[in-house]
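Take a look at this one; I'll ask things after.
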Amino acid sequence: LSFEGSSTNDIKAGYKAGTLSGTADKLAVSLNTASAVKVQTDAGFESAEITVNGKSDIDQFTAPGVTTVALKGSGNLDIANGQMTGIETLSAADYTGSLTTGTADAITGSANGTVITLGSGTDNISVKDVSAATKSTTVKLGAGDDKVTVNAAGNAIYVFGEAGNDSINAVTTALDSADVIITPPIK
């Protein structure tokens, strides 16, 4: 599915019964300086690959069953609140644009645990952990001066600042005396 410019960027994609019956069906989305993008698909995709060229934004991303999202390209991307839910893997290690999201529930993980790996851009994301008792959420911010807001509503969330001057904000009441927050020494 390809989107470009500021005209109507709204696609509702239905598929013939049985078409998406595999275990590795990938939804490919291409954004080329596309605004107000709305993607709605039938259930059956397991992953999505979003390639961003030019500043773009996603207002709606409804793809039931997608648990793995890969970001590629170099354009900046803004994803509206609540559009990434049930995510187990968000991989943007090779993505050089900046990813921004909305509130603390903008990217909601999975009960199976979540791994988010960001690229070299200056990212500003919000993540809600909903992992089960034996699982966790891990966020690796990558290079760039990144900001992350985390809501540790699930079991555990680990944030690795990596390169850059990063800011980590926790908005939760789930922290107790057993929780440890470690900050690196100031140089």
Side-chain angles (χ1 to χ4, degrees), residues 1-15 19-20 22 24-103 105-110 114-128 138-149 159-167:
L1 305 174
S2 294
F3 301 90
E4 185 170 339
S6 60
S7 59
T8 303
N9 283 318
D10 187 347
I11 291 181
K12 295 178 183 176
Y15 295 87
T19 301
L20 302 173
D25 298 304
K26 179 170 54 175
L27 172 63
V29 177
S30 176
L31 305 175
N32 188 12
T33 314
S35 62
V37 172
K38 294 180 180 178
V39 176
Q40 298 174 67
T41 69
D42 287 344
F45 289 104
E46 289 76 34
S47 66
E49 181 177 282
I50 302 171
T51 303
V52 185
N53 294 301
K55 184 180 183 317
S56 299
D57 59 87
I58 295 176
D59 288 351
Q60 181 178 5
F61 187 83
T62 307
V66 168
T67 59
T68 300
V69 177
L71 288 181
K72 297 188 175 196
S74 60
N76 294 343
L77 177 61
D78 179 54
I79 299 175
N81 291 339
Q83 298 309 308
M84 295 282 167
T85 59
I87 301 299
E88 293 179 8
T89 304
L90 174 61
S91 175
D94 297 326
Y95 174 63
T96 59
S98 296
L99 174 64
T100 58
T101 65
T103 65
D105 299 341
I107 300 171
T108 301
S110 165
T114 301
V115 175
I116 298 172
T117 306
L118 299 178
S120 61
T122 300
D123 305 303
N124 186 350
I125 67 167
S126 298
V127 179
K128 181 177 182 180
T138 301
V139 180
K140 296 179 181 180
L141 296 175
D145 296 340
D146 303 309
K147 295 179 182 178
V148 62
T149 300
V159 179
F160 297 89
E162 302 187 324
N165 185 13
D166 301 320
S167 173

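Since this is a predicted model, take the numbers as computed values, not measurements. Just the heavy atoms: all of them, side chains too, but no hydrogens, waters or symmetry mates, feed the values below. Residues take their numbers from the sequence shown, with the count starting at 1.
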Could you go through residues 26-43 and list every donor-acceptor pair under 3.5 Å that involves a side-chain atom there, pairing it with any protein atom two or more places apart or in another chain?
| residue | atom | partner | partner atom | Å |
| --- | --- | --- | --- | --- |
| D42 | OD2 | Y15 | N | 2.8 |

If you compare all heavy atoms of G86 against all heavy atoms of S110, which two are closest, and at what distance to 0.1 Å?
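Smallest interatomic distance, heavy atoms only, reads O-CB, 3.9 Å.
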
What is the distance from atom CD1 of I50 to atom CG of L1, rounded to the nearest 0.5 Å?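 One gets 10.5 Å once the value is rounded to the nearest 0.5 Å.
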
Separation between OG1 (T122) and CG (D166), nearest 0.5 Å, reads 9.5 Å

message = Using a 3.5 Å distance criterion without hydrogens, assess whether the side chain of D146 forms a donor-acceptor pair with backbone atoms of D123.
response = yes

Task: Backbone of G54 reached by a side-chain donor or acceptor of S56 within 3.5 Å - done: yes

- Message: Quiz question: by atom type and distance under 3.5 Å, do the side chains of N124 and T100 form a donor-acceptor pair?
- Response: no

Would you say D145's side chain and N165's backbone share a donor-acceptor pair under 3.5 angstrom? yes

Below 4.0 angstrom, N of the basic side chain to O of the carboxylate: do K140 and E162 qualify? no

- Does atom CG of N81 have more than 12 heavy-atom neighbours, drawn from other residues, nucleotides or ligands, at distances under 6.0 Å?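 It does: N81 CG has more than 12 such atoms within range.
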
side-chain hydrogen bond (donor to acceptor under 3.5 Å, both in side chains) pairs touching residues 58-68, sequence neighbours excluded, are Q60-T62

Closest heavy-atom pair and its distance - L141, V159: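 Scanning both residues, the minimum pair turns out to be CD1-CG1, 4.2 Å.
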
Just how far is it from atom CG of N53 to atom OG of S74, taken to the nearest 0.5 Å?
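One finds 5.5 Å between CG of N53 and OG of S74.
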
Distance col, row T117:OG1 vs L71:CG, nearest 0.5 angstrom, shows 11.0 Å

d(I107 CD1, L90 CG) to nearest 0.5 Å is 5.5 Å

Rounding to 0.5 Å, atoms CD1 (I125) and CG (L118) come to a distance of 4.5 Å

| task | Please check if the side chain of T51 supplies one atom and the backbone of K72 the other of a donor-acceptor pair under 3.5 Å. | result |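 Between the backbone of K72 and the side chain of T51 there is no qualifying donor-acceptor contact (under 3.5 Å).
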
Closest non-hydrogen contact found for M84 with I79 is CE-CD1, 3.8 Å

